[in-house]
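Reviewing the structure listed below.
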Amino acid sequence: MRDHLLDRPPAHALLADGTTVCIRPVTPGDHDQLEGLYEEMSPENLRLRFFVPSRRSAAMAADRACAPARPGYRALLAETKEQVLGLAEYDTGGQEGGPAEISIAVADGLHHRGVGTLLVEHLVSAARADGITTFTADALSENNKVLRLFADLGLRTVRRYEGPEVRCTIHLDEDDTYLSAVEARGRSADVASLEPLLRPDVVAVVGAGRRPGSVGRAILHHLHSGGFTRRLFAVNPSMSSVLGVQCYPSISALPKTPDLVVVAVPAAAVPATAEECGAAGVRALVVVTAGLDHAQAQALLAACRSYGMRLVGPNCLGISNMDPELRLDATFAADHPRPGTAGVAVQSGGVGIALLDGLSRLGIGVSSFVSLGDKYDVSGNDLLQWWESDCRTDLALLHLESFGNPRAFSRTARRVTRRMPVLTVDAGRSVAGRRAAASHTAAAATPTMTRGALFTQAGITATRSIGELLETAALLHSQPLPEGTRVAIVTNAGGAGVLAADACAEAGLALPSFTPAMTDELLGVLPEGSAVGNPVDATASVTEEQLTGCLDRLMRYPGIDAVLVALVPTAVAVATGDDLVRAVTEAPARRAKPVAVVRLEQDLPVRLLTAAGGGTVPAYAEPQAAARALAHAAHRAAWLARPAGTVPTLDDVDSERARAIVDADLAEHPDGGWLDPNVCADLLACYGIPQIPWAWAETEDEAVRAAERLHGADGRVVMKAHWPGLVHKSEQHAVHLDLRGEFQVRAAFRDLQTRFAGLLTGVVVQPLADRGTELFAGVVQDQVFGPLVLFGLGGTATEVLADHAARLAPLTDHDVHDLITSPRCAPLLFGSAGHRPIDLDDLEQVLLRLSRMAADLPQLAEADFNPVLATPGGVTVLDARVRLLPRGPQDPYLRRLR
């Protein structure tokens, strides 16, 4: 049992009905409550729990749970407002990592709310951290509740019937089936907990007063003038009404308990207000107040957790749900958002106002809007699950400056993005021009790279500005997705076509040439003098009918995936600008490919043109905007077309031995650090990562013997200096290449010994490697995002070119393919200029095994393989370094609130 896991901090989580409970270890002080838990059970439930209960059953069970800590035993309880709701225990009988006997008890009247399941999930997480792989449980065969609980966990369960009893064996392997089951339970609970926040029947505003321009008054005005269809109150002890809304002196004085309270009081008053709301039975708070100090913030969150209130904010703009049956607008934005189908979550109030205005102007409108502010509780992950379930949202827009649980967010987003587009602004990008000009992995992993990996793997459309976000939203909202990146450009002005062609090329879109048959068709419908290359110049004399005919033929042409129409007003009177626009917007239902319009004279960056017969078509003021939007749509289509990836099963992996190596090294070096070459090699061997033969030498004679043993057919070897913390061997001139014979080996050793006196602890001797492509592979454990795998060009070039790609571990088969093909050096790997391709299967295996190592070992702070030699015959790590830190395992998928 790992000592650092014996004390698990309390965690708050949601039951199936959205109620918040606290899951924590049992303490001796819980004895009376636990005894009461059993004493209040019905005789039938006691019989199902203890088989043959006696008067002493309750006391004995409480004694057992509250006894002093002992190896192999753990007990967790669920409580709310200091009332114990349930207890779950496991006991290995003192056997290290052995099967653990599990038992569960839930208070009478609380069954079917998910108390037992939630406790078992937390117990499973604790058991895995303690090295336990199997639970066993005995139950009466008639105890359908507990048998159903085990069956629905998502874990592989085997039942063996022995007379009236059932012996259940539950295997604790974490696979996608289990994660999906946990995810489904969490989604249902999350959505239920957000009902009082986003669909309240009763709302109260605390802090609305006489002063014009105050935030509380503005929010109350928005709620009242926006036509909130349910009951609305104001709380102000010095007024009888505000803006026509009846006032009460306190929350407790209200005639009906609010579901939602909007708090707009000074920071010092926020904790007491939250406490009053919780005591009155309020289920959700929106705190718009800014400037809370640490103590006030902690008191606010503690009140919310204690009373089970969901919290938006503090320091936020407010929330809206524009369902016509509710019309909840609890914000202090300048205008009411237009009802629609886009869900919006932002951390910045200014960004929120810009998005609300832009979506309203476009006519897309908003289904619900949440300004997350300082994001103490409700997060982007919560909102994604709400929009997935609300039956109104078909487009999700996010502006997130931080991620509380990126891996859980990524898993949710991967699911949601298959149902609707999820767009974000990549906020907080690194300073322009900053490069990862360092060979070790931690320096190479920039925040931009980490977020990019998250967005790419989750299928999120990441844009670089608010404007680009709205431009892309307009296209995704109004047009079908393209099947690829091939675009046809049609214009009535050659110059506009050239600009559009440049924009498409810069966005990564292709402009294919037409077949002769297609060329003839286009010439047959366009005016004389038209040029039907790509772009198609229909000339200034094109009519509405001719342009319509051209577009209809392009829609049927299989050689393109989208059409970009660039229109310029001219003095030719054959057709007005409106006529030509009507040709584009006519009969959109029969057009299965996306169409985007560029109108260079347009005053707005993007607008949606109403199409005949319904629907809309996006029109852009700049061709770059249209091209970017089409490129984002093509990327989304490609992501949707690819099946979800799977994490491959790897042979010859010894995770337990790897953990033992790490534990032993950290026991010797409690503060962590870089592993010495021998330990590093042993760790890599646990994961079957191929390494070049090598030997460790601490003396000149040992180096000579190593060189004689390891030298290749041509007798050449390499000698590398080593001391703890040495990162850049080349920069330190701590490497000797191409050594031949005893004399050169001795001279190289003496040189290193002389120059690095007081530092050198030994040398690594290796045979000189064959020629090949030098690559870089590494992993860094991000404290927030988890392990990030990096790959790119290696050797000294990695410091100069910083040609790296990154994906979050664990890598799926799709992730590892993307990782290999993303860097600029990728063409070198597939064979070019007469060179054979490298062994790509071996390279994939190295990256997958590196990913597995990082996923298994949270103590692995950083691993750096540079260079990795890739040849047609295989892939070998020539130099590897691993750095450990004393970290405990984290379970990113465990259900708990922030």
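Note that the coordinates shown come from a computational prediction; the quantities given were computed from them, not determined experimentally. Heavy-atom basis, side chains included; hydrogens, waters and symmetry copies ignored. Positions are given from 1, in the same order as the sequence printed here.
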### Message
For Glu601, I'd like to know if atom CD has over 12 heavy atoms of other residues, nucleotides or ligands within 6.0 Å.
### Response
yes
### Task
Verify the distance criterion only: is there a donor paired with an acceptor across the side chains of Glu545 and Thr548 at less than 3.5 Å?
no
### Task
Mark yes or no for whether Thr229, through its side chain, and Glu325, through its backbone, hold a donor-acceptor pair below 3.5 Å.
yes
### Message
I need the minimum non-hydrogen distance between Leu604 and Ala621, along with the two atoms involved.
### Response
O-CB, 3.5 Å
### Message
I need the minimum non-hydrogen distance between Leu564 and Ala627, along with the two atoms involved.
### Response
CD1-N, 4.3 Å
### Message
Treating Arg553 as the side-chain partner and Gly549 as the backbone partner, does any N or O pair qualify as donor plus acceptor under 3.5 Å?
### Response
yes
### Task
Would you indicate whether His814, at its atom NE2, is surrounded by more than 12 heavy atoms from other residues, nucleotides or ligands within a distance under 6.0 Å?
yes
### Message
Check whether Ser193 reaches the backbone of Gly18 with its side chain - one donor and one acceptor, N or O, closer than 3.5 Å.
### Response
no
#### Entry: Trace of the side chain to side chain contact (heavy atoms under 4.5 Å, CB included) decision for Asn381 with Asn405
CA-CA 9 Å; Asn381 198 46; Asn405 188 340; over 6 Å; no
### Query
Do any N or O atoms from the side chain of Thr424 and from the backbone of Leu398 form a donor-acceptor pair under 3.5 angstrom?
yes
### Task
Rounded to the nearest 0.5 Å, what's the gap from CD on Gln385 to OG on Ser188? Could you check?
10.0 Å
### Task
Output the distance between atom CG (Leu423) and atom CD1 (Ile460), rounded to the nearest 0.5 Å.
9.5 Å
### Message
Let me confirm one number: the CD1-CG distance from Ile560 to Asn534, rounded to the nearest 0.5 Å.
### Response
8.0 Å
#### Entry: NZ/NE/NH1/NH2 to OD/OE distance under 4.0 Å, Asp259 and Arg199
no
### Message
Regarding Asp335 and Arg361, does a basic nitrogen lie under 4.0 Å from an acidic carboxylate oxygen?
### Response
no
### Query
Can you tell me if Asn321 and Ser368 form a side-chain donor-acceptor pair at under 3.5 Å?
no
### Task
Specify the closest pair of heavy atoms between Glu622 and Val598, including all atoms of both residues, with the distance to one decimal.
C-CG1, 4.1 Å
### Task
Establish, from distance only, whether the side-chain atoms of Arg607 and Thr616 form a donor-acceptor pair under 3.5 Å.
no
### Task
Just do the side chain to side chain contact (heavy atoms under 4.5 Å, CB included) check on Val203 and Arg230 with the steps written out, would you?
CA-CA 8 Å; Val203 175; Arg230 312 292 169 83; over 6 Å; no
### Task
Flag yes if more than 12 heavy atoms outside Glu483 fall under 6.0 Å of its CD atom; otherwise flag no.
no
### Query
Judged by atom type as modelled, is there a donor-acceptor pair below 3.5 Å linking the side chain of Arg217 to the main-chain atoms of Pro212?
no
### Query
Would you say Gln546's side chain and Thr543's backbone share a donor-acceptor pair under 3.5 angstrom?
yes
### Query
Within the distance-only criterion (no hydrogens, no angle test), does the side chain of Thr393 pair as donor or acceptor with the backbone N or O of Glu388 below 3.5 angstrom?
no
### Message
For Val351, is there any backbone N or O sitting under 3.5 Å from a side-chain donor or acceptor partner on Ser348?
### Response
yes
### Task
Mind listing the closest non-hydrogen atom pair of Thr456 and Arg807 along with its distance?
CG2-NH2, 3.7 Å
### Task
State, yes or no, whether a side-chain contact exists between Val286 and Val288 at a heavy-atom distance under 4.5 Å.
yes
### Query
Does Asp190 use its side chain to pair, donor to acceptor, with the backbone of Arg187 at less than 3.5 Å?
no
### Summary
For Ala806 and Ala453, the nearest pair of non-hydrogen atoms, with its separation, is O-CB, 3.4 Å
### Query
Do Ser360 and Asp357 have side-chain atoms, one donor and one acceptor, less than 3.5 Å apart?
no
### Task
Please lay out, stage by stage, how His632 and Glu471 fare under the test side chain to side chain donor-acceptor pair (under 3.5 Å).
CA-CA 10 Å; His632 283 308; Glu471 293 158 4; over 6 Å; no
### Shortest non-hydrogen contact between Gln602 and Ala619, atoms and distance
NE2-O, 3.0 Å
### Task
Apply side chain to side chain contact (heavy atoms under 4.5 Å, CB included) to Asn492 and Val568, showing your working.
CA-CA 7 Å; Asn492 66 337; Val568 177; 4.0 Å; yes
### Query
Going from CG on Leu397 to CG on Leu395, what distance comes out if it is rounded to the nearest 0.5 angstrom?
5.0 Å
#### Entry: Thr461 and Arg636: side chain donor to acceptor below 3.5 Å
no
### Message
Apply side chain to side chain donor-acceptor pair (under 3.5 Å) to residues Arg411 and Ser180 and explain how you reach the verdict.
### Response
CA-CA 9 Å; Arg411 189 170 177 87; Ser180 295; 3.1 Å; yes
### Message
Is the ring pair His336/His222 parallel, tilted or perpendicular, if the boundaries are 30 and 60 degrees?
### Response
tilted
### Message
Could you check whether Lys375 pairs with Glu401 (Lys NZ or Arg NE/NH1/NH2 to Asp/Glu carboxylate O, under 4.0 Å)?
### Response
no
### Summary
Separation between CG (Asp382) and OG1 (Thr412), nearest 0.5 Å, reads 9.0 Å
### Query
Can you list the steps and then say if Leu383 with Leu372 is a side chain to side chain contact (heavy atoms under 4.5 Å, CB included)?
CA-CA 10 Å; Leu383 272 303; Leu372 299 168; 4.2 Å; yes
#### Entry: Under 3.5 Å donor-acceptor, Gln347 side chain and Asp374 backbone
no
### Query
Between Asp329 and Ser320, does any side-chain donor sit less than 3.5 Å from a side-chain acceptor?
yes
### Query
Is any side-chain N of the basic residue among Asp377 and Arg898 closer than 4.0 Å to the acidic one's carboxylate O?
no
### Rounded distance [0.5 Å steps], OH in Tyr376 versus CG in Asn315
8.5 Å
### Task
Establish, for the pair Arg419 and Trp387, whether the NZ or CZ atom is under 6.0 angstrom from the six-membered ring centre and no further than 45 degrees off its axis.
no
### Message
I'd like to know whether Arg451 forms a salt bridge (Lys or Arg N to Asp or Glu O under 4.0 Å) with Asp426, so could you lay out the CA-CA distance, the side-chain angles of the two residues, the decisive distance to 0.1 Å, and finally the verdict.
### Response
CA-CA 8 Å; Arg451 284 195 308 274; Asp426 188 6; 2.7 Å; yes
### Query
Less than 4.5 Å apart, any side-chain heavy atom of Ser367 and any of Asp390?
yes
